[in-house]
S.K.: 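This is the structure I want to talk about, given as C-alpha coordinates.
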Amino acid sequence: MRSPYFFLPLALALGSCQTAAPAGAERFAAADHTGDGRLSRDEVNDYFVAGIFAERDRDGDGYIAQAEWNPEMKAAEVTQFKLRDHNGDGRVSLAEAQAHARKSGIYTEAFAEADTNRDGFVSREEAVAYYASKEGPLR
Ligand SMILES: [Ca+2]
Ligand SMILES: [Ca+2]
Ligand SMILES: [Ca+2]
(Lines give C-alpha, C1' and ligand atoms only; values in the text may rest on other atoms or scores of the structure.)
(Ligands and ions follow the chains in the order given, each with its own letter.)
Protein backbone atom coordinates (compact mmCIF):
# COMPACT_ATOMS: atom_id res chain seq x y z
CA MET A 1 0.00 0.00 0.00
CA ARG A 2 1.11 3.52 -0.68
CA SER A 3 1.88 5.82 2.16
CA PRO A 4 -1.06 8.05 3.05
CA TYR A 5 1.29 10.95 2.39
CA PHE A 6 1.72 9.99 -1.25
CA PHE A 7 -0.98 12.40 -2.40
CA LEU A 8 -0.09 15.17 -0.01
CA PRO A 9 2.14 17.27 -2.31
CA LEU A 10 -0.58 17.33 -4.98
CA ALA A 11 -3.22 18.28 -2.43
CA LEU A 12 -1.02 21.07 -1.12
CA ALA A 13 -0.28 22.36 -4.61
CA LEU A 14 -3.95 22.42 -5.55
CA GLY A 15 -4.84 23.95 -2.20
CA SER A 16 -2.41 26.80 -2.59
CA CYS A 17 -3.72 27.60 -6.07
CA GLN A 18 -7.24 27.88 -4.80
CA THR A 19 -6.40 29.68 -1.58
CA ALA A 20 -5.29 32.76 -3.46
CA ALA A 21 -8.55 34.55 -4.22
CA PRO A 22 -8.40 35.52 -7.89
CA ALA A 23 -7.97 39.23 -8.41
CA GLY A 24 -10.76 41.05 -10.22
CA ALA A 25 -8.96 41.03 -13.56
CA GLU A 26 -8.25 37.30 -13.44
CA ARG A 27 -11.78 36.60 -12.35
CA PHE A 28 -13.09 38.64 -15.27
CA ALA A 29 -10.93 36.64 -17.69
CA ALA A 30 -12.01 33.35 -16.08
CA ALA A 31 -15.69 34.28 -16.37
CA ASP A 32 -15.30 35.42 -20.00
CA HIS A 33 -15.89 31.93 -21.41
CA THR A 34 -16.22 33.16 -24.97
CA GLY A 35 -13.01 35.23 -24.65
CA ASP A 36 -14.48 38.27 -26.39
CA GLY A 37 -13.49 40.64 -23.58
CA ARG A 38 -17.03 41.26 -22.37
CA LEU A 39 -19.40 39.35 -20.16
CA SER A 40 -22.83 38.13 -21.18
CA ARG A 41 -25.56 37.75 -18.58
CA ASP A 42 -24.56 34.16 -17.74
CA GLU A 43 -20.90 35.08 -17.65
CA VAL A 44 -21.61 37.98 -15.29
CA ASN A 45 -23.50 35.56 -13.09
CA ASP A 46 -20.46 33.28 -12.92
CA TYR A 47 -18.20 36.26 -12.31
CA PHE A 48 -20.18 37.48 -9.31
CA VAL A 49 -20.59 34.00 -7.87
CA ALA A 50 -16.86 33.27 -8.23
CA GLY A 51 -16.06 36.39 -6.20
CA ILE A 52 -18.39 35.50 -3.37
CA PHE A 53 -17.32 31.88 -3.51
CA ALA A 54 -13.64 32.78 -3.10
CA GLU A 55 -14.49 34.85 -0.03
CA ARG A 56 -16.59 32.19 1.61
CA ASP A 57 -14.35 29.22 0.83
CA ARG A 58 -12.04 30.05 3.71
CA ASP A 59 -10.04 26.82 3.62
CA GLY A 60 -9.66 27.10 -0.15
CA ASP A 61 -10.65 23.50 -0.89
CA GLY A 62 -12.94 24.54 -3.75
CA TYR A 63 -16.10 23.76 -1.83
CA ILE A 64 -18.22 25.67 0.61
CA ALA A 65 -19.04 23.58 3.63
CA GLN A 66 -22.01 24.41 5.82
CA ALA A 67 -19.70 25.97 8.43
CA GLU A 68 -18.26 28.27 5.75
CA TRP A 69 -21.70 29.16 4.41
CA ASN A 70 -22.90 30.28 7.78
CA PRO A 71 -21.64 29.00 11.13
CA GLU A 72 -25.00 29.54 12.77
CA MET A 73 -27.32 27.92 10.28
CA LYS A 74 -30.94 28.70 10.87
CA ALA A 75 -33.61 26.61 9.19
CA ALA A 76 -34.04 29.06 6.30
CA GLU A 77 -30.30 29.04 5.65
CA VAL A 78 -30.13 25.27 5.68
CA THR A 79 -32.84 25.32 3.00
CA GLN A 80 -30.84 27.82 0.96
CA PHE A 81 -27.72 25.70 1.32
CA LYS A 82 -29.50 22.53 0.26
CA LEU A 83 -30.99 24.26 -2.78
CA ARG A 84 -27.43 24.93 -3.96
CA ASP A 85 -25.98 21.55 -2.98
CA HIS A 86 -27.38 19.87 -6.07
CA ASN A 87 -25.63 16.51 -5.68
CA GLY A 88 -26.36 16.41 -1.94
CA ASP A 89 -22.79 15.75 -0.81
CA GLY A 90 -23.08 18.34 1.97
CA ARG A 91 -20.91 20.96 0.31
CA VAL A 92 -21.42 23.46 -2.46
CA SER A 93 -19.02 23.50 -5.40
CA LEU A 94 -18.46 26.60 -7.51
CA ALA A 95 -20.36 24.98 -10.39
CA GLU A 96 -23.32 24.27 -8.09
CA ALA A 97 -23.31 27.84 -6.79
CA GLN A 98 -23.15 29.23 -10.34
CA ALA A 99 -25.90 26.95 -11.61
CA HIS A 100 -28.16 27.96 -8.76
CA ALA A 101 -27.56 31.67 -9.31
CA ARG A 102 -28.29 31.32 -13.04
CA LYS A 103 -31.51 29.49 -12.34
CA SER A 104 -32.72 31.87 -9.67
CA GLY A 105 -31.70 34.95 -11.66
CA ILE A 106 -30.49 36.71 -8.53
CA TYR A 107 -28.01 38.83 -10.51
CA THR A 108 -30.45 40.08 -13.14
CA GLU A 109 -30.71 43.46 -11.46
CA ALA A 110 -26.99 43.72 -10.78
CA PHE A 111 -26.34 42.90 -14.44
CA ALA A 112 -28.69 45.64 -15.63
CA GLU A 113 -27.04 48.07 -13.24
CA ALA A 114 -23.50 47.15 -14.36
CA ASP A 115 -24.33 47.30 -18.10
CA THR A 116 -24.37 51.08 -18.15
CA ASN A 117 -24.40 51.46 -21.97
CA ARG A 118 -27.19 48.85 -22.25
CA ASP A 119 -25.57 46.77 -24.98
CA GLY A 120 -26.38 43.51 -23.20
CA PHE A 121 -22.80 42.88 -22.12
CA VAL A 122 -20.62 44.02 -19.26
CA SER A 123 -17.24 45.24 -20.44
CA ARG A 124 -14.15 45.21 -18.28
CA GLU A 125 -14.56 48.97 -17.72
CA GLU A 126 -18.19 48.54 -16.75
CA ALA A 127 -17.25 45.75 -14.32
CA VAL A 128 -14.56 47.89 -12.70
CA ALA A 129 -16.92 50.86 -12.44
CA TYR A 130 -19.64 48.67 -10.99
CA TYR A 131 -17.41 47.26 -8.29
CA ALA A 132 -16.01 50.70 -7.51
CA SER A 133 -19.56 51.91 -6.86
CA LYS A 134 -20.36 49.04 -4.49
CA GLU A 135 -19.46 48.00 -1.02
CA GLY A 136 -20.43 44.68 0.42
CA PRO A 137 -20.55 41.15 -0.89
CA LEU A 138 -20.41 41.91 -4.62
CA ARG A 139 -16.76 42.71 -4.71
CA1 LIG B 1 -14.18 24.93 1.68
CA1 LIG C 1 -22.50 19.46 -3.66
CA1 LIG D 1 -22.24 47.19 -21.69
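Both counts, for ligands and for their atoms, begin at 1 and track the order of listing.
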S.K.: Closest to the Ca ion (ligand 1), which N/O/S atom of D61 is it?
M.R.: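 For D61, the N/O/S atom sitting closest to the Ca ion (ligand 1) is OD1.
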S.K.: Counting heavy atoms not belonging to H100, are there more than 12 under 6.0 Å from its NE2?
M.R.: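 Enclosed.
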S.K.: Pairing donors with acceptors under 3.5 angstrom, does anything connect the side chains of H33 and D46?
M.R.: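 Side chains of H33 and D46: pair found under 3.5 Å.
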S.K.: Keeping the roles fixed (side chain from E68, backbone from D59), state whether a donor-acceptor pair exists under 3.5 Å.
M.R.: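 Flag set: sc E68 to bb D59 pair under 3.5 Å.
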S.K.: Taking C-beta and beyond as the side chain, do D115 and F121 meet within less than 4.5 Å on heavy atoms?
M.R.: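 The answer is no; the side chains never approach within 4.5 Å.
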S.K.: Sort by chain and number the protein N/O/S atoms found under 3.0 Å from the Ca ion (ligand 2).
M.R.: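 D85 OD1, N87 OD1, D89 OD1, R91 O, E96 OE1, E96 OE2, with waters left out.
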S.K.: Please check if atom OH in Y63 has more than 12 non-hydrogen atoms from other residues, nucleotides or ligands closer than 6.0 Å.
M.R.: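 Result for OH/Y63: open.
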S.K.: So, of the N/O/S atoms that D59 has, which is the nearest one to the Ca ion (ligand 1)?
M.R.: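 Looking at D59, the N, O or S atom with the least distance to the Ca ion (ligand 1) is OD1.
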S.K.: Rounded to the nearest 0.5 Å, how far does CZ of F53 lie from CZ of R27?
M.R.: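 Separation between the atoms: 13.0 Å.
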S.K.: Tell me, which protein N/O/S atoms are under 3.0 Å away from the Ca ion (ligand 3)?
M.R.: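 You should have found D115 OD1, N117 OD1, D119 OD1, F121 O, E126 OE1, E126 OE2.
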S.K.: Using only heavy-atom distances, determine whether the side chains of D42 and S40 contain a donor-acceptor pair under 3.5 Å.
M.R.: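 No, because no side-chain N or O of D42 sits under 3.5 Å from a partner of the opposite role on S40.
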S.K.: By atom name, which N, O or S atom belonging to D57 lies closest to the Ca ion (ligand 1)?
M.R.: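 Of all N, O or S atoms belonging to D57, OD1 is the one nearest the Ca ion (ligand 1).
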S.K.: With carbon and hydrogen excluded and only N/O/S kept, which atom of E68 is nearest the Ca ion (ligand 1)?
M.R.: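 The atom in question is OE1.
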S.K.: List the residues meeting salt bridge (charged side-chain N to carboxylate O under 4.0 Å, His left out) with E77, not counting sequence neighbours, and say none if there are none.
M.R.: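 For E77 there are no salt bridge (charged side-chain N to carboxylate O under 4.0 Å, His left out) partners, ignoring immediate neighbours.
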S.K.: Excluding sequence neighbours, so at least two apart, what forms salt bridge (charged side-chain N to carboxylate O under 4.0 Å, His left out) with R91?
M.R.: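 Listed in chain order: D89.
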S.K.: Would a line drawn from the ring center of Y47 to the ring center of Y131 be shorter than 6.0 Å?
M.R.: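 Yes, they do, as the ring centres are separated by less than 6.0 Å.
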S.K.: Is it the case that the side chains of R84 and Q80 hold a donor-acceptor pair, with the cut-off being a distance below 3.5 Å and no angle test?
M.R.: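 Yes.
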